[in-house]
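Scroll down for the structure; my scribbles are underneath it.
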Amino acid sequence: MVLLHRIEAKWRKAWETAKIFEADPDPKRKKCFVTFPYSYANGPLHVGHAFTATRVDAYARYKRMQGYNVLFPWAWHWTGQSIAGASERVKSGDKAFIKALREIDGVPEQELRKLVDPTYMASYYTNENRETTRRAGFSIDWRREFNTTSPIFSKFIEWQYKKLREKGYVVKGTHPVVWCSKCKSPTGDHDRQEGEGVTPEEYVLIKFKYEGKYLPAATFRPETIYGATNIWVHPNADYAEVEVDGERWIVSEKAAKKLEEQKRKVKTVRSLKGKVLIGKEVTNPVTEEKHMIFPAWFVDVAHATGVVYSVPAHAPLDWLALRDLKQSPTSMKKFGIKPQEVEKIQPVSMISVEGFGEFPALEIIDRLGVKDQCDPRADEATKLLYKKEFHGGVLKDICGKYAGKRVQGVKEVLINDFKEGNIADTMYDLPEPVVCRCLTPCIVKVLEEQWFLKYSDLKWKEKVKEALQNANVYPETAVPWFLSTIDWLKERPCARKSGLGTPLPWNKEWIIDTLSDSTIYMAFYTIIKQIRQRRITPEQLTPAIFDYIFYGKGETEAIASISKLDRRILESIRNEFLYWYPVDMRNSGKELIPNHLTFFLFHHAALFPRKLWPQIIGANGMLMIEGKKMSKSKGNWITFRNVIEEFGADSTRCALLLGAEGMDDPDWRSESVRDIKDKLESFYRLAEIIIGEAENEEFGWIEKWLFSVLQKKAKIVTDSIESLKTRTALETALFEVWNDFRWYTRRKGDLKAKALREALNVWIRLLSPFAPHICEELWEKVEGKGFVSLAEWPEYDVNLINPLAEESENLVKSILEDTLSIIRATKLTPTKIYLYTATEWKWEVYQKALSTSGEGMPISQSDLMKTLMKREEMKKKASKVARFSGQIVNEINRMGKNRREELHSIGPLDEAALLLEAKSFLERELKAEIVVFKEDDDHKFDPENRARLAKPFRPAIYVK
RNA sequence: GCGGGGGUUGCCAAGCAUGGUUAAAGGCGUAGCCCUGAGGCGGCUAUCCCGCAGGGGUUCGUGGGUUCAAAUCCCACCUCCCGCACCA
């Protein structure tokens, strides 16, 4: 462990001193620009960040070794309200929060009290996390670091917004939000004490006419108005007559207050109790029928208007309430209702739905056995029927112009028609209570003068889809998710009134939404270095300058003089942008697909020409901790810093990458990190031995074999990293290659060949994107000069592929395995093992069979025989040939085409020679004498008559 | 509800887009042996079941189907996880 830490510190320093990760434009080299979504500076980096970032770094390092001029920059996200919120919690002395800071984040006491200042908090974590990032060994160009509240960055964001507005992508409008009247701000999910996931719902209010006024009854099912039979109000609740936008409405008092928050002009005229309304009549604005107002205790005045209309045929609660009412004539008298008024009310059927008769509500009540309106199953019945009728319902003849239409299809149309005819209005409300963390019940507020990004714009969406198609997405399974997100996105509010960030350029009291800071900021990385080096001030960064840099717009000379900039500087910045852009690879957690990554595409599509759109987009799973989701409250929060200190950077990086790829969620287990650490240490020791022992120039079969399989492994690693399959890549580079080295060592019996050291040289390079420090140290030992970080990536070399060598080793391996299997099955302890290699004519038959089945069609034994019998020598032993060909036809047919071609191209093996070569190895392994015969050797020892079982690639065995 | 991704041999996890070389990579764990003063590390062997000859049998969520051949293709079902907006 000490060793690993020492190595890591050494190379971290060496890289920084040599500045090898600082990337400047170089027209002679291909470039590669990779980015990681900057982390939010309200806490320490955790192992989840580490997983995603390590994937980016491994890719960056791999590309750099391939000769690309790689730029991997890093920055810090300070904007938004989380940091403000967090320091607020410190200020207010939130005990649990402070405890977490102290114990999980490891904030020292003297720093803790300074965190009441949000800017201080952001810079505190930025410093912490920068150090963590350094220790992780990420190959970052630090000259381009910035945070998102810097004045220069703000200028860039302002430019972005001006452009978007010019293109009509930023629009003004209103928007309903869950609102806390005490905090005077929207109450997001994380700010809630109660009501997680609850969003404002739009209710349709059917305006029943009542004495020159309106009684607006709230519903989600306005189509049922054709089945209305009466109105329900709560007799004991408080209602009010109010003036709403010039009309007289009667709604609950609570509803009146809510409407005020929803951009309506509301003036209370008088208060009244619900019972005042009972027994009165209203007019159905659609059917012009008269309905009486009845009392109902299920009506909740805290919900929408506190007025509902009754559709007993299709709404279980309405039917139940009506039935309850009919059964208690006394209560009706109390309200002055004649029992016959209730008696005469019959359900009106107006939706036909499969599986139900005239009155679905009645049927479903029977089926579920609902007792009365207080029975909790009443709710279940309502939901069930609603779903049924919505998806499968058709409106009946009494439904006017909507008759015969499906409920699902006609609903929107009907609502619009009703609104236009002043039959209906709408209001927002919360379907379930929401309580703010400050314990205030929330309401819905319609925010005015809200600014929106018009993600609903169909032309924009089309362009984004092009951008998506233009990019390679890894894994590909993420594509449908992107597509559905693009389709689903609507107007999105893009400015808030609180938190850190850039004010809207045309309305400074609004602050630009934090997610807009992360859409095209990669372009900023390409220019910040020079802006800083040239000491350009924020004031100089006018929109015209950005237009020039990003679009090449305008006369260089003129633009330069207005901003008091040297023309050459301006050109140089423009060129640097053009050199690095587009983004070649951006990778993030999959949870950012529905927001950040899609917005990233939206804004690029809107602001940049096609050739500057992103090239590769990667998404990965969410890190789990010992099988559970990481969360501070569960206490399984693991910081990146801590694991680096405990296990070392290389072990951490490898353990993370070996966890998962694609969109699978990797699992962090401390046990497996320890294993990886041991593995790396043991790899290090093995490498040292190989380096130390290399002395001779041998390059025999086994060396050829090693280099051949190494090529294949290099190819797998290369192809895998290329498509961001980092797990496969590392698994191959570490374990699979290791197994090849093991087999070599075992076969060879020593580590003295210089060729082995050459192979190690390749191995170190294959591993270095993943475990860069340890590989750097070994590179120094094996190569003596330069950085492995800049060494040439081992490309697959087809000239080193040696099928014959591989097949020879396969032969030795399978002899060893088969013999062991025989020993196991027979429980013999052999003293002598006889091997019999197949005779020549069998090889001829075998080759013939391989070649005639070349086209991938199965061969038949009879066809094979026909071909073979053309030759006299074969005819002479026709029965033997027939028996043998029968044995191999199936086996060959079952091979893939490639395998057949490969075996055919190798031709007959000199198995006897190969086995003699491997004799001492086999004797060592099997602890018995090995004797090799040819099948047709007349002097062979073959008491069990096994020799005749020999087949090509499969010598017969006799164990004694 | 809508949308997305999964269910593989003790565990983690490949394979599935291009069906056959797959009882199914690799890692971990477990057992035996070797190495070592001991431990760790390392090496070998085994690890679905059966087997005194390299073999046989039964497997890849469940149930059907296509095919000479299916973990891989088709259909239905069961089941787990994730996202759903003013939060980053």
Side-chain angles (χ1 to χ4, degrees), chain A residues 37 39-40 42 77 79-83 85 175 177-178 185-191 197 199 383 387 390-391 447 450 452 455 475-485 487-496 499 513-515 518 590-596 621-622 624 627 629 658-667 669 671-672 675-676 678-679 681-682 685-686 725 727-728 731-732 734-736 738-739 742 745-746 814-815 817-828 856 858 891-900 902-903 925 944 946 949 954 956-959:
Chain A
S39 71
Y40 203 67
N42 64 343
H77 203 183
T79 40
Q81 33 182 32
S82 284
I83 292 180
H175 187 68
V177 292
V178 179
S185 72
T187 311
D189 248 359
H190 56 287
D191 289 328
T199 53
K383 280 184 185 146
K387 224 173 7 184
F390 178 74
H391 292 289
L447 296 178
Q450 256 288 7
F452 294 90
Y455 289 149
E476 277 177 40
T477 45
V479 172
W481 197 355
F482 271 106
L483 284 172
S484 54
T485 303
D487 284 333
W488 169 82
L489 276 171
K490 303 182 283 235
E491 267 80 15
R492 185 175 202 279
C494 62
R496 313 178 46 87
D513 167 60
T514 159
L515 279 184
S518 49
K590 62 182 174 186
E591 69 277 10
L592 297 188
I593 291 175
N595 43 65
H596 162 68
M622 227 173 48
M624 310 295 275
K629 202 169 169 176
L658 285 171
E661 64 192 11
M663 288 205 283
D664 295 339
D665 299 329
D667 194 10
R669 286 168 193 269
E671 195 188 344
S672 51
D675 286 332
I676 293 300
D678 289 345
K679 281 270 181 299
E681 282 172 341
S682 138
R685 281 195 299 272
L686 172 63
K725 288 185 180 174
R727 202 194 84 86
T728 303
E731 192 269 327
T732 307
L734 184 58
F735 298 120
E736 307 274 354
W738 202 325
N739 285 342
R742 251 185 222 122
T745 313
R746 190 173 162 197
S814 61
I815 285 287
E817 278 165 20
D818 285 351
T819 311
L820 284 170
S821 165
I822 292 167
I823 292 171
R824 204 176 312 123
T826 57
K827 300 187 173 69
L828 291 171
E891 166 186 328
I892 285 176
N893 279 339
R894 292 190 44 177
M895 285 175 191
K897 189 182 170 213
N898 292 342
R899 180 77 182 138
R900 280 198 298 266
E902 193 179 52
L903 287 184
E925 292 287 328
E944 296 276 319
R946 299 219 166 259
L949 299 174
R954 198 158 178 278
I957 301 169
Y958 171 59
V959 174

Quick one: [atom1] on [X] to [atom2] on [Y], what's the gap to the nearest 0.5 Å?
X: A:Glu925; Y: A:Leu820; atom1: CD; atom2: CG; answer: 8.0 Å
X: A:Lys725; Y: A:Glu731; atom1: NZ; atom2: CD; answer: 12.5 Å
X: A:Arg946; Y: A:Tyr958; atom1: CZ; atom2: OH; answer: 8.0 Å
X: A:Arg727; Y: A:Asp664; atom1: CZ; atom2: CG; answer: 9.0 Å
X: A:Phe482; Y: A:Thr477; atom1: CZ; atom2: OG1; answer: 10.5 Å

Distance check, [atom1] atoms only: [N] and [M], in whole angstrom units.
N: B:U72; M: B:G54; atom1: C1'; result: 29 Å
N: B:G1; M: B:G27; atom1: P; result: 43 Å
N: B:G15; M: B:G61; atom1: P; result: 15 Å
N: B:U21; M: B:A69; atom1: P; result: 14 Å
N: B:U66; M: B:A14; atom1: C1'; result: 27 Å
N: B:A25; M: B:U8; atom1: C1'; result: 13 Å
N: B:C33; M: B:A23; atom1: C1'; result: 25 Å
N: B:G40; M: B:A46; atom1: P; result: 23 Å

Just by distance, do the side chain of [X] and the backbone of [Y] share a donor-acceptor pair under 3.5 Å?
X: A:Asp665; Y: A:Met622; answer: yes
X: A:Thr732; Y: A:Thr728; answer: yes
X: A:Tyr40; Y: A:Thr79; answer: yes

Counting the atoms with a prime plus P, OP1 and OP2 as sugar-phosphate, which does [X] contact under 4.0 Å by heavy atoms, base, sugar-phosphate, or nothing?
X: A:Glu591; result: nothing
X: A:Gln81; result: sugar-phosphate
X: A:Ser672; result: nothing
X: A:Asn739; result: sugar-phosphate
X: A:Thr199; result: sugar-phosphate
X: A:Ser39; result: nothing

For [X] and [N], give me the distance from atom [atom1] to atom [atom2], rounded to whole Å.
X: A:His596; N: B:C84; atom1: NE2; atom2: C1'; answer: 18 Å
X: A:Ile83; N: B:C87; atom1: CD1; atom2: C1'; answer: 14 Å
X: A:Ile823; N: B:C44; atom1: CD1; atom2: P; answer: 17 Å
X: A:Glu925; N: B:C34; atom1: CD; atom2: P; answer: 16 Å
X: A:Lys490; N: B:C84; atom1: NZ; atom2: C1'; answer: 9 Å
X: A:Asn595; N: B:G3; atom1: CG; atom2: P; answer: 19 Å

Pairing partner (Watson-Crick or G-U wobble, both distances under 3.5 angstrom) of [N]:
N: B:G42; answer: B:C34
N: B:G55; answer: B:C50
N: B:G63; answer: B:C75
N: B:A23; answer: none
N: B:U18; answer: none
N: B:C28; answer: B:G10

Practice item. Evaluate side chain to side chain contact (heavy atoms under 4.5 Å, CB included) for A:Thr826 paired with A:Val959, printing each intermediate quantity in order. Key: CA-CA 10 Å; A:Thr826 57; A:Val959 174; 5.6 Å; no
Review point. Taking only side-chain nitrogens and oxygens of A:Lys679, does any of them come within less than 4.0 Å of OP1 or OP2 of B:G40?
Key: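 Answer no for this pair, as no side-chain N or O of A:Lys679 is under 4.0 Å from OP1 or OP2.
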Review point. Would you say A:Arg746 reaches B:U45's phosphate, i.e. side-chain N/O to OP1/OP2 under 4.0 Å?
Key: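 Indeed, a polar side-chain atom of A:Arg746 lies that close.
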Review point. Does a salt bridge link A:Arg492 with A:Asp513, judged by any charged N lying under 4.0 Å from a carboxylate O?
Key: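 Salt bridge: yes.
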Exercise for review: Decide side chain to side chain contact (heavy atoms under 4.5 Å, CB included) for A:Ile593 and A:Met663; before the verdict, give the C-alpha distance in whole Å, the side-chain angles of both, and the deciding distance to 0.1 Å.
Suggested key: CA-CA 11 Å; A:Ile593 291 175; A:Met663 288 205 283; 4.1 Å; yes
Side chain of [X] only, please: which of [options] is the nearest?
X: A:Glu736; options: B:C41, B:A25, B:A85; answer: B:A25
X: A:Trp488; options: B:C84, B:A88, B:G43; answer: B:C84
X: A:Pro186; options: B:C28, B:G43, B:C87; answer: B:C87
X: A:Tyr40; options: B:G27, B:A88, B:C84; answer: B:A88
X: A:Phe735; options: B:C87, B:G26, B:G43; answer: B:G26

Check your understanding: Going by a 90° cut-off around 0, is B:A17 syn or anti?
Key ->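 What B:A17 shows is a syn base, its glycosidic angle lying within 90° of 0.
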Exercise for review: With side chain to side chain contact (heavy atoms under 4.5 Å, CB included) as the test, would you mind laying out the steps for A:Leu515 and A:Ser518 before giving the verdict?
Suggested key: CA-CA 5 Å; A:Leu515 279 184; A:Ser518 49; 4.0 Å; yes
Review point. Starting at the 5' end of RNA chain B and moving along, which residue's nearest nucleotide shows up first, A:His77 or A:Arg742?
Key: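 The residue closer to the strand's 5' end, by nearest nucleotide, is A:Arg742.
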At a cut-off of 3.5 Å, list every protein nitrogen or oxygen paired with a nitrogen or oxygen from nucleotides 4-13 of chain B, distance to 0.1 Å.
residue : atom : partner  : partner atom : Å
B:A13   : O2'  : A:Arg727 : NH2          : 2.7

Can you check nucleotides 46-56 of chain B for protein contacts, nitrogen or oxygen pairs under 3.5 Å, and list what you find?
residue : atom : partner  : partner atom : Å
B:A46   : OP1  : A:Arg824 : NH2          : 3.3
B:C52   : O4'  : A:Ala825 : O            : 2.9
B:A53   : N6   : A:Val959 : O            : 2.8
B:A53   : N1   : A:Val959 : N            : 2.9
B:G54   : O2'  : A:Asp818 : OD1          : 2.8
B:G54   : N1   : A:Pro955 : O            : 3.2
B:G54   : N2   : A:Asp818 : OD2          : 3.1
B:G54   : N2   : A:Pro955 : O            : 3.0
B:G54   : N3   : A:Asp818 : OD2          : 3.2
B:G54   : N3   : A:Arg954 : NH2          : 3.4
B:G55   : OP1  : A:Arg954 : NH2          : 2.9

